[in-house]
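So the structure is just underneath, and the comments pick up after that.
If you're wondering where the values come from, they're calculated on a predicted model, not measured in any experiment. Just follow the structure's listing: the first ligand is 1, and inside any ligand the first atom is 1.
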Amino acid sequence: MDDLALPGMLHAAFVRSPHAHAAVRAIDAAAARAVPGVVAVVTAADLGPIARPLSPRLEGDGFTPTVWPALAGDRVRFCGEAVALVVARSAVAAVDGREAVTVDYEPLPALASVDAGLRAGEVIFRRVFHRGDVDAVFAGAAVVLGETFAHGRVAPSPMEPRGLVADWDGEALTVHASTQSPGVLRVALAASLALPESAVRVVVPDVGGGFGLKAQVFPEDVAIAAASRLLGRPVKWVEERRECLAAASHAREQRVEVEVAADRAGRVLGLRARTLSDAGAYHVYPTTQALEPLGSAAILPGPYLTQAYAYEALAVRTNKPPLGAYRGVGMTMGAFVMERALDLVAARLGLDPAEIRRRNLIPREAYPFTSASGMIYDSGDFPKALEQALGIAGYEALRVEQKAARAAGRLIGIGIACYTEYTGMGAEVFRRRGMPDVPGIEAATVTMQPDATVRCRVSFPSQGQGHATAVAQVVADRLGVPLERVRLERVDTAASPIGTGTFGSRGAVSIGGSVGAAADRVRERIVTLAAHLLEASPADVIIGDGSAGVRGVPARRMPLADVARLAYAPPLGGLPPGVEPGLEATVHFDPPGPTFSGAVHVAVVEVDRETGRVRVLRYALVEDCGPLINPLLVEGQIHGAVAQGLGEALLEGLVHDTDGTLLTATLMDYALPRADDVPGFEIGHLETPAPRMPGGLKGMGEGGTIGAPAAIANAVADAVAPLGIAVTSLPIRAETLARPRKERT
Ligand code: SMO
């Protein structure tokens, strides 16, 4: 985004609050306006009349909306909230201008924790659920165990931060945006600026990572669009790393109180959970603060047979940046809690962690299976995945080695995590969840051009997942052309079909359902036309290697370009009856999801007795995301996702002080994993197809981030069990594992 330059383009920098909660008494912009190059200083007073706040909706009980203005007015509600926008002829002048703005704040008491928010009655989302006679199950259970688990705040941290260029031409708005969700951004900007949707065009250049952060729409997007409209010039904003850490949506911060009831054999009979997220100051558009606590509660029962479950999911408003989507959102915490809890039950009963999972996993033949939270798992084979993963890891031998290492004074731990994840959701899921601002469908247009090259336009951008490769494979396969003849265009709502975006592990499913289906339609027309030209029956036409031929008659072949050209330039006498000109098809696809993927992860760690430093020694996993379009892309997703999961398990943590002020605003303080923190991967695949998805495809982009924190936490807990140290929160801090200082020397 930073490379993009339009004629006459201005640059923007936001003035942000240093206080978590304050009244804004006055903004003095005189000095900033005098800075050379500064064109305007924009405040809420300027934007109020032309930019409506973001106030995402959630239908159903227990939801209290919030109003997040493009720029804060008389009140700021988190440290980092934008109060003014400096627009200048260069990025440097914009920053100089920003430094010259003086804001008169009156600091107010801040709600800086979930408990403070609860005491103040700031519950902005609450949902309760129960299935089965939970109380009776607990009353009759041989083992009942309770624990509270917590997860700190993390920052999604894509390599490229947020950013956009907005260009108002007097009638319509064009936005070049680093976004995962062009369909969602377009609807939001049209609503905020009171424009018809057709007057908003969203163009998505290559996106340098998103991880859920860019599936959302932020006040900054609205402010930049409104500023362009106000000034009549293109305006660019590219977020600084510090802003990305301080003021983009954060993730995870949640506490879960869980109770497990089990029988003597370790079979889980029932669960109770209360999920409480420190939701920050505003609902994030479009999914709201229900996303984290509800996702955790819903996925918590995991790939296990238990049927009795009661939960209460709460989002508590605090004076912190909003929590939002981040790879694995909700599900990461759900899996962490369930997998830790299973290990606690196993320890209580003297069972091996692998064995307790064997006794609880849903067998393949029980699918489709309605989970304890009421979700319908479509397919899976976790018992097989578990044995395969244990086999890859050499589990039995690992336990023997662990014993020897312990005898030698080393703290080696082995952790297992099984999880299932909802992927590829369609409109029905978002309607059922009460999220009207997530359209839910995707679409693709596939065009074979006269020279038999293929152009594809889709509604869902790639943020580095390798869509261009996957799309080319799917299309080349169906249309019989070499991969390099297939081109995937960038998403541009002026040319691409209308859809939603890429998030919630929906890329593969979207490709299968829209690109694949559109290519099938084009193929049908090619075959019909080729059959006519080759004087053969369509059933005998074969296409491949860029040509069309007749089965069993190798001499009768013609280049596909000869077929394609005629589709656009019909011969004398016209095209054969029933064949329309052109080779293009558009398919809009509403995924009949969710479809459930899953994996079994096995981590081996060593904890340094003196420092508490954790090293991940080995990492084995078996992933089941149905048929693979491209194993290399799938494994690339796994590597990246596990690395992020490792970061949140062991390293990453945004820390706010008791006043809600951010203490970790740079990558010196906020520790992302580096290459030397990440182990090698031993990956196996299992393919249980999705019964209702085209091609049986399932999603998997978030998977590694769901499984890794749970597996690593279990491994660390296993390593330090002899020392009597409990692992109940993420990130796991070295100082909580180190030998107490007084024992040293
Ligand atoms: S957290 Mo994701 O892009 O659904």
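- Taking every non-hydrogen atom of Phe503 and a distance limit under 4.0 Å, the qualifying atoms of ligand 1 come out as 3 (O), 4 (O).
- Listed by atom number, the atoms of ligand 1 under 4.0 Å from Gln180 heavy atoms are 3 (O).
- Ion pairing between Arg274 and Glu312 holds under the 4.0 Å rule for side-chain N and carboxylate O.
- With salt bridges taken as basic N to acidic carboxylate O contacts below 4.0 Å, none links Glu623 and Lys698.
- Of all the atoms in ligand 1, the ones that sit under 4.0 Å from a non-hydrogen atom of Gly212 are 1 (S), 2 (Mo), 3 (O).
- Under the 3.5 Å distance criterion, the side-chain polar atoms of Gln216 are matched with a main-chain donor or acceptor of Ala325.
- Close contacts between ligand 1 and Gly504 involve ligand atoms 2 (Mo), 3 (O), 4 (O) [criterion: under 4.0 Å to a heavy atom].
- A salt bridge does not link Asp378 to Arg692: none of the charged nitrogens lies less than 4.0 Å from a carboxylate oxygen.
- Using 4.0 Å as the threshold, Glu702 has a heavy atom nearer than that to some atom of ligand 1.
- For the salt bridge (charged side-chain N to carboxylate O under 4.0 Å, His left out) with Arg16, the qualifying choice from Glu220, Glu81, Glu240 is Glu220, the only one to do so.
- Phe430 does not carry Arg506 over the face of its six-membered ring by the limits of under 6.0 Å from the centre and within 45° of the normal.
- Between Glu59 and Arg57 there is no salt bridge, since no side-chain nitrogen of the basic residue lies less than 4.0 Å from a carboxylate oxygen of the acidic one.
- By the criterion of a heavy-atom distance under 4.0 Å, the backbone of Arg327, and not its side chain, is placed next to ligand 1.
- Set against the non-hydrogen atoms of Val329, the atoms of ligand 1 under 4.0 Å away are 1 (S).
- The distance from ligand 1 to the heavy atoms of Tyr326 drops below 4.0 Å at these ligand atoms: 1 (S).
- Of all the atoms in ligand 1, the ones that sit under 4.0 Å from a non-hydrogen atom of Ala325 are 1 (S).
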